[in-house]
Amino acid sequence: KTKVTEQSPDPANPGVVYVKGSIETTLYDNMYEYFKNMIKQNPQDKVNGIRPNQSVAMKLNKEVVTKMIAEDKVDEYMYITEGEPHKVGVDAGKFRDEIVIGIADYFSWRHYESPENANGEPTGLPKYGIEVKAGLEDIGYPSLWSERITANALWGGQKLGAILPTSLWSSKVTPTFSDRKMTSGGAGLNASFDFPFKLIDRSGVFNVSGSFAFNSASNISATNYGPKVNPSDPSPTASRYDYAVRAHGQLNYTFAIGINDPDRENQAYFVRFKIGGAFYMVEQWLNENGVISSGQAPTRTVVGNLLARIEFMATGLSVPFGAYLQFFDGALSGQTWLQVPISEEGFLTGIRLDGKIYAPITRSPYAWETQTVIMPSVRFIFRW
């Protein structure tokens, strides 16, 4: 009904009043009569009748809870960094082995400790394994575009291995998505460690990584796409410069949080923050008609700066997803991934779609860089 007013018929209360039955009076009258009748009939039963049942009350009382992830849960820190939603909330003894195959740029095998053999509480970290990977993501250089291939032994949160003296099939894959600017050098050493600093309470987890390649004129791969020494020289055999990364290092303090979704039993969202610094050294070699000159020492450029990175992973969803963003030396790098679950019982567990990007945003690209690099990938995850 619409609002209706009239002159008060009561001489003792002159003025305008609402007509009984209009909106303003109907709601009041009905609520008054409703509660009056309830109390008269059976007060306790009626009050209980308008309360939510126990399950509804528990859900109404739930709140989004954010908590720090303890520093001794290194496995949960690694899940976020590696993008492994299928390991969250899963019994550590359900699967003993895992193989991940990435098209063109990744392979890993991990073996996990049996709960019966583990000393203390088993973790989601591998007892041992191997990893072959393309990329130098500590400084933002993604996948095959970095011309860096490493092979590492894995145990716990540690990686230790070698730089391989090859760029695999970078010459065929990289030009499809971006300009190829660098080249590969010699063999070398590579390492990465994630560990808590137990002397400090709530220390978070420290991440240290580094590499060193034994580059020389004899093992630098000469290219025909480096910048010309004389840009105006039209000759196809003109002298050029080739660039290869010799060394890099990184040190980060990291901490992580888990965000509880009220609709789910397990934490559904994880975030890891990294704050620290990094450096790398690039060498410029003279390429004379397809041969690296041994008579001229390379020119070395060292780049170092502060680094900040945030990593995110959403789990407990029908299609988990995640991403990271990193800012270092005026350049932004990042990754987004989407994992399509296939089976919870093992073998082909899921298929992950990746996309990585690198772009200088507050400076111009260096001579060995390009303005924007985009590298997609697909990974197949097998567990048994």
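Basis for what follows: all heavy atoms, side chains included, without hydrogens, waters or symmetry-related copies. If you're wondering where the values come from, they're calculated on a predicted model, not measured in any experiment.
Ring centers of F273 and Y253: at least 6.0 Å apart, outside the cut-off. The aromatic ring centroids of Y79 and Y77 lie 6.0 Å or more from each other.
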### Task
Please step through side-chain contact (heavy atoms from CB on, under 4.5 Å) for the pair V373 and I357, ending with a clear verdict.
CA-CA 5 Å; V373 180; I357 188 171; over 6 Å; no

### Task
Decide side-chain contact (heavy atoms from CB on, under 4.5 Å) for S167 and M182; before the verdict, give the C-alpha distance in whole Å, the side-chain angles of both, and the deciding distance to 0.1 Å.
CA-CA 10 Å; S167 57; M182 291 183 290; over 6 Å; no

### Task
Check step by step if side-chain contact (heavy atoms from CB on, under 4.5 Å) holds for F212 and R246.
CA-CA 6 Å; F212 186 88; R246 174 177 282 268; 3.5 Å; yes

### Task
Dump the intermediate steps for side-chain contact (heavy atoms from CB on, under 4.5 Å) on V245 and R148, then the final yes or no.
CA-CA 8 Å; V245 177; R148 173 63 64 86; 3.7 Å; yes

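Among residues two or more places apart in sequence or in another chain, the salt bridge (charged side-chain N to carboxylate O under 4.0 Å, His left out) test is passed with E84 by K87. With sequence neighbours left out, Y128 forms a ring pair (Phe, Tyr, Trp, His ring centres under 6.0 Å) with W109, H111. Considering only residues two or more places apart in sequence or on other chains, R272 meets the salt bridge (charged side-chain N to carboxylate O under 4.0 Å, His left out) condition with D194. The side chain to side chain donor-acceptor pair (under 3.5 Å) test applied to Q284 returns Y243, not counting sequence neighbours. For K159, the salt bridge (charged side-chain N to carboxylate O under 4.0 Å, His left out) partners two or more places apart in sequence, or in a different chain, are E82, E131. Here F195 pairs with nothing under the ring pair (Phe, Tyr, Trp, His ring centres under 6.0 Å) rule; sequence neighbours left out. Evaluation of the side chain to side chain donor-acceptor pair (under 3.5 Å) rule for S377 yields D105 as partners, not counting sequence neighbours. A search for side chain to side chain donor-acceptor pair (under 3.5 Å) contacts involving N152 returns N190, not counting sequence neighbours.
Of all heavy-atom pairs spanning I220 and A244, the tightest one is CD1-CB, 4.0 Å. Residues S178 and T372 approach most closely at CB-O, 4.0 Å, considering heavy atoms. Across all their heavy atoms, K274 and T254 have their closest contact at CG-CG2, 3.4 Å. Pairing each heavy atom of G135 with each of S146, the nearest pair is CA-OG, 3.2 Å. E71 and P196 get closest at one heavy-atom pair: O-CB, 3.5 Å. Looking at every heavy atom in both residues, Q250 comes nearest to D138 through NE2-O, 3.2 Å.
For the pair Y141/Y280, a side-chain contact is recorded, criterion being any heavy-atom separation below 4.5 Å from C-beta on. Taking 4.5 Å as the limit, some side-chain heavy atom of V74 sits within range of a side-chain heavy atom of L125. With a 4.5 Å cut-off on side-chain heavy atoms, T176 and V173 do not count as touching. For the pair N207 and V205, the minimum side-chain heavy-atom distance is 4.5 Å or more. Between I381 and I351, every side-chain heavy-atom pair lies at or beyond the 4.5 Å cut-off. Between L286 and Y241 there is a side-chain heavy-atom pair separated by less than 4.5 Å.
To the nearest 0.5 Å, atoms OG (S108) and CD1 (I130) are separated by 8.5 Å. For the atom pair CZ (R240) and CD1 (I292), the distance works out to 12.0 Å, reported to the nearest 0.5 Å. The distance from the CD atom of E98 to the CH2 atom of W384 is 9.0 Å, given to the nearest 0.5 Å. With rounding to the nearest 0.5 angstrom, the NZ atom of K181 is 12.0 Å from the CG atom of D242. Atom-to-atom distance recorded for L189:CG and L160:CG is 8.0 Å, nearest 0.5 angstrom. In this structure, OH in Y112 is found 10.0 Å from CG in D75, a value given to the nearest 0.5 Å.
If you chain together hydrophobic residues whose side chains sit under 4.5 Å apart, F380 and F107 fall into the same group. V132 and L136 fall within the same hydrophobic cluster, defined by Ile, Leu, Val, Met, Phe, Trp and Tyr side-chain heavy atoms under 4.5 Å apart, directly or through other members. Residues Y225 and V229 are members of separate hydrophobic clusters, defined by side-chain heavy-atom contacts under 4.5 angstrom among Ile, Leu, Val, Met, Phe, Trp and Tyr. There is a path of hydrophobic side-chain contacts, each under 4.5 Å, that joins F270 to M78. Note on I139: it does not cluster hydrophobically with I310, by side-chain heavy-atom contacts below 4.5 Å among ILVMFWY residues.
Geometrically, R379 engages Y106 in a cation-pi contact, judged by NZ or CZ lying under 6.0 Å from the ring centre and within 45° of the ring axis. Cation-pi geometry between R363 and Y366 is satisfied (NZ or CZ under 6.0 Å from the ring centre, within 45° of the ring normal).
In this structure a side-chain-to-backbone donor-acceptor pair under 3.5 Å is missing from T174 to S171. Remark: side-chain polar atoms of S170 are paired, donor with acceptor, to backbone N or O of L144 under 3.5 angstrom. Side-chain atoms of R180 never come within 3.5 Å of backbone atoms of P175 as a donor-acceptor pair (strictly under, hydrogens ignored). Judged purely by atom type and a 3.5 angstrom limit, S143 has no side-chain atom pairing as donor or acceptor with the backbone of W145. In this structure a side-chain-to-backbone donor-acceptor pair under 3.5 Å is missing from Q326 to A308.
The closest side-chain donor-acceptor pair between N230 and S232 falls under 3.5 angstrom. Side chains of E369 and Y358: a donor-acceptor N/O pair is present below 3.5 angstrom, by distance only. No side-chain donor from either of T183 and T223 sits under 3.5 Å from a side-chain acceptor of the other.
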Which atom pairs, one a donor and one an acceptor, fall under 3.5 Å between side chains of residues 293-305 and the rest of the protein, sequence neighbours left out?
from: S293; atom 1: OG; to: G295; atom 2: N; distance (Å): 3.3
from: R300; atom 1: NE; to: E283; atom 2: OE2; distance (Å): 2.8
from: R300; atom 1: NH2; to: E283; atom 2: OE2; distance (Å): 3.2

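Other residues, nucleotides and ligands contribute at most 12 non-hydrogen atoms within 6.0 Å of the CZ atom of F347. Around CH2 of W155, the count of heavy atoms belonging to other residues, nucleotides or ligands within 6.0 Å exceeds 12.
I163 belongs to no multi-residue hydrophobic cluster, having no ILVMFWY side-chain contact under 4.5 Å with any other such residue.
In summary, D354 and K356 do not engage in a salt bridge, as defined by a charged side-chain N under 4.0 Å from a carboxylate O. In this structure, R309 pairs ionically with E311, as a charged nitrogen and a carboxylate oxygen lie closer than 4.0 Å.
Applying the ring pair (Phe, Tyr, Trp, His ring centres under 6.0 Å) test to every pair with at least one member in residues 304-332, sequence neighbours left out, gives these pairs: F312-F321. Residue pairs that meet the side chain to side chain donor-acceptor pair (under 3.5 Å) test with at least one member in residues 339-351, sequence neighbours left out, are H86-Q339.
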